[in-house]
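All remarks here apply to the structure that follows.
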2 protein chains.
Amino acid sequence: MTPQIPTLDDVAREADVSTATVSRCLNEKQKVSPKTLDRVMKTVEKLGYTPNFNARAMAAKRSFTIGAIIPTMENAIFARGLQAFQETLHELGYNLLVSSSAYQPKLEAEQVRELVARGADGLLLIGYERDQKIYDYLDGRNIPTVLAWASSPDAAHAFVGFDNQGAMRSLADTVIEMGHRRIGVISGATNGNDRAAGRLAGIKESMRAHGFDANDLNIIETQYEIERGGEAFEQLMKATPKPTVVMCGNDVLATGAISKARELGLDIPNDVSVTGFDDIELASHVWPPLTTVHVPHREMGRVAAHVLIDQIEKRSTKVGHELNVSIVMRDSLKRIKVQDP
Amino acid sequence: MTPQIPTLDDVAREADVSTATVSRCLNEKQKVSPKTLDRVMKTVEKLGYTPNFNARAMAAKRSFTIGAIIPTMENAIFARGLQAFQETLHELGYNLLVSSSAYQPKLEAEQVRELVARGADGLLLIGYERDQKIYDYLDGRNIPTVLAWASSPDAAHAFVGFDNQGAMRSLADTVIEMGHRRIGVISGATNGNDRAAGRLAGIKESMRAHGFDANDLNIIETQYEIERGGEAFEQLMKATPKPTVVMCGNDVLATGAISKARELGLDIPNDVSVTGFDDIELASHVWPPLTTVHVPHREMGRVAAHVLIDQIEKRSTKVGHELNVSIVMRDSLKRIKVQDP
DNA sequence: GAATCGAGTGTAAGCGCTTACACTTGCGGA
DNA sequence: TCCGCAAGTGTAAGCGCTTACACTCGATTC
């Protein structure tokens, strides 16, 4: 009943060579004579042999596996970048293990240990804000790590990302220059989320730079879900006077806002403007199309993979890559006549 | 320089017990005296010991890991169900490993082997249509597998899903009963995708049942992306006379269609109706809200986890769970006066 | 012709864990 | 008092692979 799964020993016996030779055929073909190689590979085929990954990782002390921990799989924010990350890793001969932390620092910490225990050769984490213990653990075990989706201010670790605060600041600059003074903000939860915090800080910074009081901002923090964005928007619209623009922490929230606006009978951008962040595929397909910050997700994933593997293979020094983002003007943001706040 | 990572032996030595006892403290606490347990756990803490996963899986011949292969992470279709699957597995003491096959059967086959080689105790696959060799491989190694997002007609494997064809047939029935005769279809690529094929077949079936010729359908197959949906929609609209309704293989395609309609100056549902499939979060937030088929994704994930773990732990017989889906009427589909095709 | 060499192969020692089995206690019952 | 037994612990044999090192042998070199 119990099926006998072929092992490397079985192959060796059947092909009449040593286990070392079989192992070489699988990993370092050039060290084996063509004749032997051929015979061994045929045997592998014949027996339907698949190397046991755990045994391999254990013996070689290398797993050719990279772990990634993202806050959520439930929306598209990370999907695209992660996909590119994966594809690039694959080209470089590595595999990807993904887990999601549901935006919970504690879960993330658990998963870091889990992935390391699984023998990950390196890790991709999102953002830089986390318990120092995690970094210590990683450093203690010498696990190369790259932080993405943000730029690490202290450069203690390699990162590939962009300046969330700066990007949002320039979007806010644009908004203000277009005449808006009463600005509503729907931010992602900033607690433990440096990206969300950075974006929010960018708006405040812009306010101050233009001589306004950042406290005048009407800010709601909520989760990154369409539904939540809608609720927050409705809340903001209860203020008197209404904001003339609602800046959202990402495109998902903005989508919720736009949807709710229609429900409330508000016209975007004539009654109120809306902005997003990320430029996910959806952003250009909602109505009206979303003015947002374009983030080069695929490039970020690709570069992150290279940075990480470089660290692993060449032990190159830790580097930071700051990617350029750009503002994409679409119809959801409109110039208005300046009016006092 | 090379940091010395603590092993179970280190803990044993430090706590002055045997490795067996440490192992028991970690896995079968009840077999150890409270005093010893306490001492060992303190030592574990002190050394910062984390068990090596590969070694454990190897020695125990169990990994408490489940593998899942989904066609894509790039859109929301699978995200929600997978999330629920993961959460449920976690409750049951298992971990999840995810890979994506990019809708390529060959990649999927590779990843099945990969996950099995990694020691997965069980697998979640999407749909039932795949090379028999994969099933043979799985059966040969006795790897419990559950198929989701579809119902397996031959019941050779456990499945948790729903009747794609039946669901789409009833949606088509509704569409026809609402007066539509000229039906355009934007289908996902049916090749190797039983869900897409089933949905398409459902529409055809409905046509025939109503006495129409299924060949009259104007069908475009394309990839599940917003952009592709838009292109297909534009293509369909070139026909004379235009279809009165466009039925889409899923909500993503439908979103693309709706977006493109606006671009073309067409009003939905007055100029043309649109339907989707899946009822992802977005479906109720596009404008107009999408008439679609509601699929209980979370429930599917949850049930799939239980079915799979039951198979693994109790060697229960293979079962099939067919979940109920329902049609959600929203504004994108409108009743019209019957007109000859 | 002997010394040298390198290509190809084999031997065997682990990698860090689990677990069957053997062993040591201390206890209650006969 | 002695035995049996259960609870707690230790011993050691693997799990399936990689790889340092040793070995063989035909081809070069001088």
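When reading the values below, keep in mind they use all heavy atoms of this one structure, side chains included, and skip hydrogens, waters and symmetry mates. Sequence lines set the chain letters: A, B, ... in the order given, protein chains first and strands last, and positions in each chain run from 1.
The distance between atom CD1 of B/I5 and atom C1' of C/dC17, rounded to the nearest whole Å, is 15 Å. Atoms CD (B/E28) and C1' (D/dG10) sit 15 Å apart, rounded to a whole Å. Atom CG of B/N52 and atom P of C/dG14 are 18 Å apart (whole Å). Residue B/F53 contributes atom CZ, which lies 14 Å from atom C1' of C/dT18 at whole-angstrom precision. Whole-Å rounding puts the B/N54 CG to C/dG16 P distance at 11 Å. Taking atom CG on A/D9 and atom C1' on D/dG14, their separation rounds to 12 Å, with Å as the unit. In this structure, A/D38 places its CG atom 12 Å from P of C/dT9, rounding to the nearest Å. Separating the CD atom of A/Q30 from the C1' atom of D/dT19 is a distance of 14 Å, rounded to the nearest angstrom.
B/E14 has its side chain out of reach of B/R39: every pair of non-hydrogen atoms, C-beta onward, lies at least 4.5 Å apart.
B/R130 is linked by a side chain to side chain contact (heavy atoms under 4.5 Å, CB included) to B/E108, B/L125, B/I134, B/Y135, B/L147, counting only residues two or more places apart in sequence or in another chain. By the side chain to side chain contact (heavy atoms under 4.5 Å, CB included) test, B/K42 is found to be paired with B/D38, residues two or more places apart in sequence or in another chain being considered.
For A/R24, the listed nucleotide lying nearest its side chain is C/dG10; candidates were C/dG10, C/dA12, D/dT9. Taking the side chain of A/Y49 as heavy atoms from C-beta on, and the options C/dC17, D/dC17, C/dT9, the nearest nucleotide is D/dC17.
A sub-4.0 Å separation between OP1 or OP2 of C/dT11 and a side-chain N or O of A/S18 is absent. Contact annotation: B/S23 side-chain N/O to C/dC17 OP1/OP2 distance is not under 4.0 Å. Side-chain nitrogen and oxygen atoms of B/K61 include at least one within less than 4.0 Å of the OP1 or OP2 phosphate oxygen of D/dG16. Between A/S33 and the phosphate of C/dT9, there is a side-chain N or O to OP1/OP2 separation shorter than 4.0 Å. Dashed line: the shortest gap from a side-chain N or O of A/N27 to OP1 or OP2 of D/dT18 is under 4.0 Å. Close to D/dC15, at under 4.0 Å from its OP1 or OP2, lies no side-chain N or O of A/T7.
Heavy-atom nearest nucleotides on DNA chain D were determined for B/M58 and for B/T36, and the one closer to the 5' end corresponds to B/T36. Where B/D16 and B/A60 meet DNA chain D, the nucleotide closest to each residue was compared, and B/D16 sits on the side nearer the 5' end.
Smallest separation of non-hydrogen atoms from B/V22 and B/V11: CG1-CG1, 3.9 Å.
Rounded to the nearest 0.5 angstrom, A/N95 CG and A/S63 OG are separated by 8.5 Å.
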